[in-house]
There are 2 protein chains.
Amino acid sequence: MTDSEIRYQSLLHKLQQRGCRLTSHRLALARLLSISEGHPNASQLYETLRTQFPTISLATIYKTLTLLKEEGEVLEIDLHSDSHYDGNKPYPHPHLICSRCGAILDGDSVRSLTALNQEIEQTYGFHISRYQLVFYGVCQSCLQAERSA
Amino acid sequence: MTDSEIRYQSLLHKLQQRGCRLTSHRLALARLLSISEGHPNASQLYETLRTQFPTISLATIYKTLTLLKEEGEVLEIDLHSDSHYDGNKPYPHPHLICSRCGAILDGDSVRSLTALNQEIEQTYGFHISRYQLVFYGVCQSCLQAERSA
DNA sequence: TTCTTTTTGGATAATCATTCTCTAAACATG
DNA sequence: CATGTTTAGAGAATGATTATCCAAAAAGAA
């Protein structure tokens, strides 16, 4: 079973557990989220699904995304009035946004994040429950393209 | 000269340098930003100023905030469709948001942040230009109030 | 199966923060 | 003082997101 297949089953399971109806629209959205490599926003998901399901509405996208968020199966990345969604890594992790190409890259696998969390908890007596870390700059491939140009 | 006085002069200087007119509305906003301990949003700034300047409009607040942002004198904290502004520490720094009392606390003075930035640059070959780090949880005073209750 | 009851999905309408536009006022210059 | 030019600011517009409400689907009774 592929990773995306595992994610898909996990999304379906949570929706089922919650007693939600598994309509074709919801199945298609869950599938799309689980295979998406990037971090689509609601409009992008809508436009993609609309080719196959012309009657689907944006509200359905938002409602299902909210359900999946509440179940902890989707992470919302809250950017300036344009939320993007991660259905593959639904836990908090840093994101790197390239100002050149617009890519949203995952920044998990940075070990020093643990130290930062600990220092904040100790220094400020603050109990962290979740976080959103966004770094803006230029990604590796854009830097390389620049150098070779 | 107090810290807030220094900040006020700095805001005025940048507006002047840019060739902006120093209207009473703008002066009042610059003053308010420089003395604000917390992190007000546009509406809060508007409501505060409206008592003294009944004719001021929200658009003026937004426009002047944009000017000051561009001059690097104000930092925008981009939360879920509700931006807050910091006129005292206009450089990127972590913020701690308390889910209980809603306070937005400054998380500057964490040393391990440098290590995190370096690790991201090295691990992903990503050139960071700015960042927004927001930690959600419970602040020290709310934790203490909870314990003593 | 068929009718009734109840819940849930989804299309449209509404909302709200933010931005755009356009008029009028302020400043500089002759 | 008059004239031209720039900019402030009020109200209209925008666009992402959310709320409402109708219809369709499931469940249960006969």
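None of these values were measured; they are calculated from a predicted model. Numbers restart at 1 for each chain; the letters A, B, ... are given by sequence-line order, proteins then strands.
- When heavy atoms are screened at a 4.0 angstrom cut-off, B:Ser81 is found touching the sugar-phosphate backbone but no base atom.
- Atom CZ of B:Arg50 is separated from atom P of D:dA10 by 11 Å (rounded to the nearest Å).
- Put simply, CG on B:Leu67 is 17 Å from P on D:dT6, counting in whole angstrom units.
- In this structure, B:Ser36 and B:Asn88 approach most closely via the heavy-atom pair O-ND2, 2.6 Å.
- Note on ring orientation: taking the six-membered ring where Trp is involved, the planes of A:Phe53 and A:His25 are perpendicular (angle over 60°, cut-offs 30° and 60°).
- The span of DNA chain C lying next to chain A, judged by atoms under 4.0 Å from heavy atoms, is bounded 5' to 3' by C:dT7 to C:dT19.
- Of the candidates D:dA26, D:dA10, D:dT17, the closest approach to any side-chain atom of A:Arg21 belongs to D:dA26.
- If you measure from atom NZ of B:Lys63 to atom P of D:dT6, you get 15 Å, rounded to the nearest angstrom.
- Distances shown here put every side-chain N or O of A:Tyr62 at or beyond 4.0 Å from the OP1 or OP2 atom of D:dT18.
- When the shell of 6.0 Å around CD of B:Gln52 is examined, it contains 12 or fewer heavy atoms from other residues, nucleotides or ligands.
- Considering every non-hydrogen atom in both B:Phe135 and A:Tyr131, the closest pair reads CD2-CB, 3.6 Å.
- Each of B:Leu79, B:Leu75, B:Leu105, B:Asp108 was compared with B:His95 under the side chain to side chain contact (heavy atoms under 4.5 Å, CB included) criterion, and only B:Leu75 meets it.
- The minimum heavy-atom distance linking A:Cys139 with A:Cys98 is given by the pair N-SG, 3.4 Å.
- In this structure, B:His25 places its NE2 atom 6 Å from P of D:dG9, rounding to the nearest Å.
- Residue B:Thr23 places at least one side-chain N or O closer than 4.0 Å to OP1 or OP2 of D:dG9.
- Counting non-hydrogen atoms under 4.0 angstrom, A:Ser83 reaches the backbone sugars and phosphates but no base.
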